[in-house]
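For reference, the structure is listed below as structure tokens.
Residue numbers start from 1 in every chain, and the chains themselves are labelled A, B, ... in the order their sequence lines are given, proteins ahead of strands.
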2 protein chains.
Amino acid sequence: MEQYRILIVDDHPIVREGLKLIFETEKSIIIEDEASNGAEALALVLAETNKFDLILLDISMPVMDGITFLEQLKDRGISINTMVLTTSDDADDIQAALQAGAKSVLLKDAARKEMIQTVLRTAKGESVLQPELQHILQAKRKLQQDSLLTPKELSVLGRIVKGSASKEIALDMGISERTVKAHLSSIYQKLDVGSRAEAVACAIVRKLVTY
Amino acid sequence: MEQYRILIVDDHPIVREGLKLIFETEKSIIIEDEASNGAEALALVLAETNKFDLILLDISMPVMDGITFLEQLKDRGISINTMVLTTSDDADDIQAALQAGAKSVLLKDAARKEMIQTVLRTAKGESVLQPELQHILQAKRKLQQDSLLTPKELSVLGRIVKGSASKEIALDMGISERTVKAHLSSIYQKLDVGSRAEAVACAIVRKLVTY
DNA sequence: AAATGGATTGCCCAAACGTACAATAGATAG
DNA sequence: CTATCTATTGTACGTTTGGGCAATCCATTT
């Protein structure tokens, strides 16, 4: 029987212990090593590139988070199957993980059996994504498309959130005040609002702007 | 040696397993039972009120979250030592937990030793709060005091966030438009902003309004 | 080449906004 | 009791906002 060597990366000792316990029964899974953040994990991987068949990692961690770790792997051209374990069903997190190169994403509250299944399939190179998470991603894409703002509109919106007046924004962006207002009207229509105040609330809640 | 019977409440199997493993070495701690959400836990507690010396629970859980569970206990006049385990160091969560009656609060990334210590001390009736968390709470109180808005001002601010005009707010609240503007001026001064748009951004980021 | 559609801009205007000056009434402090 | 402070409101004024109408320019389509 084939065996898969796994690296566990999570800052919570509880989670690491729990994962070990869960995989104890599965003889084809070997917890080869563990790390408490992305930096430690990167050091382990760099020390011996072919040591692991799968990296099981958390997203939020001190020092270096999971997304940054995945990006580092990509930047260095290291190709290892990676599976992200996350608590949140936040579409942004999931999308960021996949974008950064995660093969699979699994919610931490998944059942023992599903977790083992996903680990094995991902270790073999398969990409696994819970139907639940797929729906969340779809919903997000839909939401974003419905309210898709052009780069200029986003730029204007960002300045609105910071409290700039139309005239200031015009000067800032090198366009006329009337054009700023035109962009604003378009933004209002797309976000289904009728004033700067509402637009700001909408922008922050929908995370259309970085704050 | 005295022994403490503990109820573990967490929706993640991993965490439950991890906790079991951690407390395995400590013979004075007995994992008497476990539940995957507040509702299950409540049923267990109601079935036999004096079964547990300590309830170790997570905040975010499906069906019934930790805060609601604590409030239920309080409403029913049930007094059991409770210890909240949380991932987030969000001041709101911590405050809500303590407000709802949690004896102790501990971050999930605490070391094994600290976790055992905290469990034992809380089971004895002591209240434990990490210095780290105390600082977070202090910082929050300070922030809130610095920008303390009166009830009427908060009411106005809430309507501003929803996009209401001054005239509408005046009608809504049964005061004159001029008074609304006076409140607004005061809000601007306290939040150090100069327009509705900025005020909305500030209010949402500082969580001065429920959205 | 002609047409269609989007982006940009100007002019204009009513409404809303933010604020200064000031008056009134109620509460609190001395 | 008097004085001070706070909350409320009125009048007024300049600025900003949101949007209607229309001209211009540029790119894509036909």
key: Ion pair check, A/Asp58 and A/Lys108, cut-off under 4.0 Å   = yes
request  = Please answer whether the main-chain N or O of B/Arg5 pairs with a side-chain N or O of B/Asp53 as donor and acceptor at a distance below 3.5 Å.
outcome  = yes
Collect all protein-nucleotide pairs involving nucleotides 5-9 of chain D in which both atoms are nitrogen or oxygen and the distance is under 3.5 Å.
unit_1	atom_1	unit_2	atom_2	d
D/dT8	OP1	B/Lys152	NZ	2.7
D/dT8	OP2	B/His183	NE2	3.0
D/dT9	OP2	B/Ser176	N	3.1
D/dT9	OP2	B/Thr179	OG1	2.2
D/dT9	O5'	B/Ser176	OG	3.2
D/dT9	O5'	B/Thr179	OG1	3.2

Between C1' of C/dT19 and CD1 of B/Ile187, the distance in whole Å = 15 Å
ask   = Can you tell me how far P of D/dG18 sits from CG of A/Leu191, to the nearest Å?
value = 13 Å
message = Does D/dT16 have OP1 or OP2 under 4.0 Å away from a side-chain N or O of A/Lys167?
response = yes
ask   = In whole angstroms, how far is the P atom of C/dC21 from the NZ atom of B/Lys181?
value = 16 Å
inquiry  = In whole Å, I'd like the distance from the CZ atom of B/Arg196 to the P atom of C/dT19.
reply    = 11 Å
request  = Check the distance between C/dC17's P and A/Leu184's CG and give it to me in whole angstrom.
outcome  = 15 Å
ask   = If only side-chain N and O atoms of A/Ser185 are considered, is one of them under 4.0 Å from the OP1 or OP2 phosphate oxygen of D/dG18?
value = no
key: Atom-to-atom span, CD of B/Glu168 to P of C/dA15 - whole angstrom   = 15 Å
message = Assess the residue pair B/Ile94 and B/Val84 against the criterion (side-chain contact (heavy atoms from CB on, under 4.5 Å)); give the C-alpha distance rounded to whole Å, side-chain angles, the decisive distance to 0.1 Å, and a yes or no.
response = CA-CA 9 Å; B/Ile94 300 165; B/Val84 166; over 6 Å; no
Main-chain N/O of A/Ile116 paired with A/Arg121 side-chain donor or acceptor, under 3.5 Å = no
task = Please report how far the helix from C/dA1-D/dT30 to C/dG30-D/dC1 bends, comparing the axis fitted to its first five pairs with the axis fitted to its last five, to the nearest 10 degrees.
result = 40°
query = Whole-Å distance between D/dT17 P and A/Leu157 CG?
reply = 14 Å
task = List the atom of B/Lys162, the atom of A/Glu198, and the distance in Å for their closest heavy-atom pair.
result = O-CG, 3.5 Å
task = State whether a side-chain donor-acceptor pair under 3.5 Å links B/Ser166 with B/Arg196.
result = yes
query = So, B/Thr118 side chain and B/Glu114 main chain: donor-acceptor pair closer than 3.5 Å or not?
reply = yes
inquiry  = I'd like to know if the side chain of B/Glu40 reaches the main chain of B/Ser36, judged simply by a donor and an acceptor atom lying under 3.5 Å from each other, with no hydrogens or angles considered.
reply    = yes
message = Check B/Arg16 with B/Glu34, please: is the shortest side-chain N to carboxylate O separation under 4.0 Å?
response = yes
